[in-house]
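One structure below.
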Amino acid sequence: MSAPASVGPPAGTYQIPSLGWRILGGALRLIPLVLFLVGIPVAILTFLAAHGIQGPIPILTVELFGIVLTALIVARYIAKPTAAYGPLSIGTAGVTILYLYLFLVDATYQLSIPNAGVTITLGYTDLVLLLIIVPALTLVAGVLTLAEDASAPRERWPFDFPP
């Protein structure tokens, strides 16, 4: 009779950071993420609205998506060594694709300058489609990670957390 196959690699081949270190790393990511996904876009849209220029999507939508994406990105970072990493990657990619889709729906923006009678038309469909490639690949990677974690738990640990 042969010995049963072990589940995952030997215990000494990876260095998983403790939960405390992962929470600290997530907290350190939180500040720049809130700044870039919520603070700067809301400030720009508020400035434009104060000068009579309407943005492509409402400020509340930008704020809400920025907060949700920030929470998902931080949760995904903290949960990387667990089986929740795949579903969190799928969720993060899905929300990002939905957010970019809101820009794609009305990808031709007409900027009317008040009291000048000038209208500038900007089309950014190709840019949004290029930006969607990254979360689409992340979505596929999340599905593959979920399937891999279900079939062989801890197999990705030596690659994600090398010694």
Side-chain angles (χ1 to χ4, degrees), residues 6-51 53-105 107 109 124 126-163:
S6 64
V7 177
T13 59
Y14 45 84
Q15 301 263 343
I16 298 176
S18 68
L19 180 61
W21 282 109
R22 293 193 322 261
I23 290 172
L24 176 64
L28 291 174
R29 289 173 185 250
L30 186 67
I31 296 166
L33 283 171
V34 169
L35 182 67
F36 288 115
L37 294 176
V38 180
I40 293 173
V42 168
I44 291 171
L45 290 174
T46 303
F47 176 79
L48 291 174
H51 289 84
I53 301 170
Q54 190 61 30
I57 59 176
I59 295 173
L60 184 61
T61 304
V62 171
E63 191 174 3
L64 183 65
F65 271 97
I67 291 169
V68 169
L69 281 172
T70 299
L72 284 171
I73 291 169
V74 169
R76 184 179 71 174
Y77 178 81
I78 293 170
K80 190 169 186 177
T82 68
Y85 181 70
L88 284 170
S89 293
I90 294 168
T92 303
V95 171
T96 305
I97 290 170
L98 180 63
Y99 186 41
L100 291 172
Y101 178 75
L102 292 177
F103 287 98
L104 188 63
V105 168
Y109 184 67
Y124 49 90
D126 293 337
L127 175 64
V128 175
L129 289 174
L130 284 173
L131 290 174
I132 286 179
I133 291 172
V134 173
L137 292 174
T138 304
L139 182 70
V140 171
V143 169
L144 293 174
T145 301
L146 177 63
E148 184 67 24
D149 283 348
S151 67
R154 298 183 300 167
E155 187 175 14
R156 66 180 167 88
W157 287 0
F159 303 102
D160 288 346
F161 306 103

**Study point:** Close side-chain approach of Glu63 to Ile67, heavy-atom, < 4.5 Å
**Key:** yes
Review point. So do the side chains of Pro58 and Leu45 get within less than 4.5 Å of each other, counting heavy atoms only?
Key: no
How close do [X] and [Y] get, heavy atom to heavy atom, and via which atoms?
{"X": "Ala79", "Y": "Ala84", "answer": "CB-CB, 4.2 Å"}
{"X": "Gly66", "Y": "Thr70", "answer": "O-OG1, 2.7 Å"}
{"X": "Tyr85", "Y": "Lys80", "answer": "CD1-CA, 3.4 Å"}
{"X": "Pro17", "Y": "Arg22", "answer": "O-NH1, 2.9 Å"}
{"X": "Ala93", "Y": "Pro135", "answer": "CB-O, 3.3 Å"}
{"X": "Val74", "Y": "Gly26", "answer": "CG2-O, 3.6 Å"}

Give, for atom [atom1] of [X] and atom [atom2] of [Y], the distance between the pair rounded to the nearest 0.5 Å.
{"X": "Ile78", "Y": "Leu24", "atom1": "CD1", "atom2": "CG", "answer": "10.0 Å"}
{"X": "Ile23", "Y": "Leu28", "atom1": "CD1", "atom2": "CG", "answer": "12.0 Å"}
{"X": "Ile31", "Y": "Leu35", "atom1": "CD1", "atom2": "CG", "answer": "9.5 Å"}
{"X": "Ile133", "Y": "Ile97", "atom1": "CD1", "atom2": "CD1", "answer": "11.0 Å"}
{"X": "Leu144", "Y": "Leu139", "atom1": "CG", "atom2": "CG", "answer": "9.5 Å"}
{"X": "Leu146", "Y": "Ile90", "atom1": "CG", "atom2": "CD1", "answer": "5.0 Å"}

Review point. Can you list the steps and then say if Val62 with Tyr99 is a side chain to side chain contact (heavy atoms under 4.5 Å, CB included)?
Key: CA-CA 8 Å; Val62 171; Tyr99 186 41; 3.5 Å; yes
Exercise for review: For the pair Ile73 and Tyr77, evaluate side chain to side chain contact (heavy atoms under 4.5 Å, CB included) and give the outcome as yes or no after the intermediate values.
Suggested key: CA-CA 6 Å; Ile73 291 169; Tyr77 178 81; 5.8 Å; no
Practice item. Show the numbers, then the answer: is there a side chain to side chain contact (heavy atoms under 4.5 Å, CB included) between Glu148 and Glu155? Key: CA-CA 8 Å; Glu148 184 67 24; Glu155 187 175 14; 2.3 Å; yes
Practice item. Give the C-alpha distance, both sets of side-chain angles, the deciding distance and a yes or no for side chain to side chain contact (heavy atoms under 4.5 Å, CB included) between Thr138 and Thr92. Key: CA-CA 9 Å; Thr138 304; Thr92 303; 5.9 Å; no
Practice item. For a side chain to side chain contact (heavy atoms under 4.5 Å, CB included) with Leu104, tell me which candidate from Val128, Leu131, Leu127 qualifies. Key: Val128
Review point. With Phe65, which of Val38, Val95, Leu37, Leu60 fulfils side chain to side chain contact (heavy atoms under 4.5 Å, CB included)?
Key: Val95
